[in-house]
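Both backbone and side-chain heavy atoms feed into the values below; hydrogens, waters and symmetry mates do not. In what follows, chains carry the letters A, B, and so on, assigned in the order in which the sequence lines appear, proteins first and then strands, with residues in each chain numbered from 1.
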Amino acid sequence: MRWSTSFIPTLRDDPADAEAVSHKLLVRGGFVRQLMAGVYSLLPLGLRVKAKIEGIARDEMKRIGGQEFLLPILHPGELWKRSGRWDQIGDELFRLQDRRGSDVALAMTHEEVFTVVAGELRSYKQLPQVWFHIQTKLRDEARPKSGILRVREFTMKDSYSFDRDDAGLDAAFDNHLNAYRRFFRRCGFEAIAVEASSGVMGGNQSVEFMLASEAGEDWIASCAACGYAANLEKASSTLPAPEDPESAGVIEKFATPDVHTISELANFADGGVPAERQIKTLVYRAGNETLLVLLRGDHTLAEQKLLDSVEATEVRPASEKEIRAALGASPGSLGAVGVTNCIAIVDEALRGRRGMVTGANEDGYHLRGVDVDRDIEARAFMDLREVSDGEGCPVCEAPIAVFKTIEVGHIFKLGTKYSAALGAKVLDENGSPVPIVMGSYGIGIERTMAAVVEASHDEAGISWPVNIAPFEAVVTVLNPKDVKVSETAEHIYEDLVAAGIDVLIDDRHERPGVKFKDAELIGIPYRITVGPKGVENGVVEFMRRRDGESREVEIARAAETAAEAVLEERS
RNA sequence: CGGGCCGUAGCGCAGCUUGGUAGCGCGCUUGACUGGGGGUCAAGAGGUCGCGGGUUCGAAUCCCGCCGGCCCGACCA
């Protein structure tokens, strides 16, 4: 392609509304333009990258036996009602009505429709199947942000596995796990596979693929020593054994005027204790039940863990009014000792603790000498707290690291949630109908694009890996008016085209500096610079974007050298 | 959905406090010089000041309403 006739609108300045590096660079480089909040147009450069990422996804899916489909994005609301998600999901699902007034949903994901198609499977002998498509998804995100990282309209590679039993699902899941690792590696980064919560997707196991990045919004805990990694919604950790008094002691009420927070109580002169000796009492509503969620004073609740373990579709913090009605005191003086009208759920870290301090359910008073096992009627002990950096890995006890990541892929063991609801059954060996065991597996294509930029850029711009670069090489013509220079450049360009390299020739009438800056901004992995001085000496400059390494190459060998470098890196 | 900030030329911004009919840099067009890291000079083009209403002789500027965007939080298969 010729730069002079291409639409590559690069910008000198960062767009004012961009925060994330990938957002700034993809806009400045002329890859994307915003249309509205969370909706972006892909320009030619952006589309080229997207197509390459899709190509790798397709390749990896076919490697594990995937068959490609293309399912609609306009779905009958009826179908989503049958799976239950019409009511479960809320505002994130785009809904509309057609001219006859029928409910229609815009695809957030395609479990329902793939399951309907799978309804034509008749026999266990037809299983397993792995089906996929690469299709637009629409989600009315509450807060689109960070450019192309979190949007309302995007492309997803999603696949669905259909198996006769859990063992089959396990195998399909493993195949995807490996395919995803290869996929992200080919896109240019090592994704961290983490245990995750399945959320409203249903199913009992899910793994997310993450890229460590400040631009991300998911926190994960990861152990460098043994490889354990989990989303903070799910991660657990070990703590040093507490040093509690031997004897249980007796409960004493004491006055704590003006003490409303854990830290105020820790600093309270007349009976205050450190946060780790306090019991934090949070009040939640789940359906018609009031839950007391008890944690150590210095710990934070991982709300998703609570949600996952109470089997409610929704839990929310109780209002101050509800709290007062249930416990007779305001936040700051709450506790679970002697409370019978609420369900107390206690974090594992409090099990067996003695000599603790907690609220007395009377404003301005606390209790000391509390023995958790003796004094609190716990419905259950569960892991509810959020892991902190430096705590012990649950597998090997080495210190665990907590950091921010971008979620680029997510795979789920769905089980029979959708097949049972939508009647996708096969006959087993005995001739009895059994629901198909399903898995679903997604990769965000544009998000992957942005993630690569987050992982691979410098002050000058993007540095694409060869596999997904919009062009693999650029021939920069320093002075197109100089006939010798321009003929030399054109020859090299033609040779690269003939060699099957995606090559761009910068034949614009621009200053050299402008061309260099632009080539670096849009991130072309290799550059051949053809200028009058070099041509005079029979050489051109060959430069690698990622480290700036450059050398002179004979004109006759230039195309070959570049082609070899590119081909060596393609995978 | 709560809190904060912002909509003026393609991009980045000033002007608004104290009303008088819009300006700067970059980019763009034409010409000349220049040609290995965003060059110089000259001449130009380009704006319903987000939208609607109100106040006023007069509104980018003041008032009311709406729309849109960004950030923080809640949310997120």
Whole-Å distance separating the CD atom of A:Glu510 from the P atom of B:rG36: 14 Å

Whole-Å C1' distance, B:rA59 and B:rG3: 31 Å

Sugar-phosphate, base or nothing in reach of A:Arg508, heavy atoms under 4.0 Å: nothing

A:Glu536 CD - B:rG35 P separation (whole Å): 15 Å

Separation of A:Met1 CE from A:Trp3 CH2 (nearest 0.5 Å): 10.5 Å

Spacing of A:Phe31 atom CZ and A:Ser22 atom OG [to the nearest 0.5 Å]: 12.0 Å

A:Arg551 CZ to B:rG36 C1', straight-line distance once rounded to whole Å: 19 Å

Touch class at under 4.0 angstrom, heavy-atom based, for A:Ser146 against every strand present: sugar-phosphate

Between P of B:rG69 and CZ of A:Arg152, the distance in whole Å: 7 Å

B:rU61: pairing nucleotide in any strand, Watson-Crick or G-U under 3.5 angstrom: none

Proximity to the side chain of A:Ala16 - top-ranked nucleotide from B:rG36, B:rC72, B:rC13: B:rC13

Nucleotide B:rA74, atom P - distance to CZ of A:Arg150 in whole Å: 10 Å

Parallel, tilted or perpendicular, as decided by the 30° and 60° cut-offs, for the rings of A:Phe189 and A:Phe184: tilted

Nearest-nucleotide comparison on RNA chain B, the residue closer to the 5′ end among A:Gly147 and A:Glu141: A:Gly147

Whole-Å gap separating C1' (B:rC33) and NZ (A:Lys481): 10 Å

Interatomic distance where CD belongs to A:Glu19 and P belongs to B:rC71 [whole Å]: 6 Å

Nearest-neighbour nucleotide for the A:Arg511 side chain, B:rG37, B:rC76, B:rG35 considered: B:rG35

B:rU55 and B:rG65, which share atom name C1', separated by this distance in whole Å: 15 Å

Sequence-distant partners of A:Asp87, side-chain hydrogen bond (donor to acceptor under 3.5 Å, both in side chains), two or more places apart: none

Inter-nucleotide P distance (B:rU56, B:rG68), Å rounded: 31 Å

Shortest side-chain distance from A:Ala37, nucleotide among B:rG69, B:rG36, B:rG25: B:rG69

Residue met sooner reading RNA chain B from 5', once A:Pro144 and A:Pro512 are mapped to nucleotides: A:Pro512

Phosphate OP1/OP2 of B:rC70 contacted by A:Gln34 side-chain N/O (<4.0 Å): yes

Residue pairs fulfilling side chain to side chain donor-acceptor pair (under 3.5 Å) with at least one residue in residues 529-539 of chain A, sequence neighbours excluded: A:Arg527-A:Thr529, A:Thr529-A:Glu541

Flag for A:Ser236-A:Asp383: side-chain donor and acceptor within less than 3.5 Å: no

Minimum-distance nucleotide to A:Asp13 side chain [options: B:rC75, B:rC11, B:rG35]: B:rC11

A:Arg12 side-chain proximity, nearest of B:rG36, B:rC70, B:rG39: B:rG39

Interatomic distance at C1', B:rG20 relative to B:rG39, whole Å: 41 Å

Who pairs with B:rC28 - Watson-Crick or G-U, where each distance is under 3.5 Å: B:rG44

ring-ring contact (aromatic ring centres under 6.0 Å, His included) contacts in which one or both residues fall within residues 525-548 of chain A, not counting sequence neighbours: A:Tyr526-A:Phe542

Sugar-phosphate only, base, or nothing, as touched by A:Pro9 at under 4.0 Å among non-hydrogen atoms: nothing

Partner nucleotide of B:rC5 by Watson-Crick or wobble geometry (both distances under 3.5 Å): B:rG69

Quiz item: A:Arg28 side-chain donor-acceptor pair to B:rG10 base, under 3.5 Å: no

Same-atom distance (C1') from B:rU21 to B:rU8, integer angstrom: 14 Å

Short side-chain N/O contact to B:rC72 OP1/OP2 from A:Arg143, under 4.0 Å: yes

Complementary nucleotide of B:rG36, counting Watson-Crick and G-U pairs under 3.5 Å: none

Touch class at under 4.0 angstrom, heavy-atom based, for A:Tyr441 against every strand present: nothing

Qualifying side chain to side chain donor-acceptor pair (under 3.5 Å) pairs with a residue from residues 29-43 of chain A, counting only residues at least two apart or across chains: A:His23-A:Tyr40

Pair A:Lys137-A:His110, side-chain donor/acceptor within less than 3.5 Å: yes

Watson-Crick or G-U counterpart of B:rU18, or none if no pair lies under 3.5 Å: none

Rounded P spacing from B:rC16 to B:rC41 in Å: 30 Å

Residues in contact with RNA chain B, drawn from residues 513-523 of chain A - heavy-atom cutoff 4.0 Å: A:Gly513, A:Val514, A:Phe516, A:Lys517, A:Asp518, A:Glu520

Atom-pair distance (CG on A:Leu11; C1' on B:rC26), nearest Å: 11 Å

Separation between the C1' atoms of B:rC28 and B:rG47, rounded to whole Å: 15 Å

Name each donor-acceptor pair under 3.5 Å that joins a side chain in residues 13-21 of chain A to protein atoms two or more places apart or in another chain, with its distance.
none

Side chain of A:Met543 - closest among B:rG36, B:rA74, B:rG37: B:rG37

Atom C1', compared across B:rG31 and B:rU17: separation rounded to whole Å: 45 Å

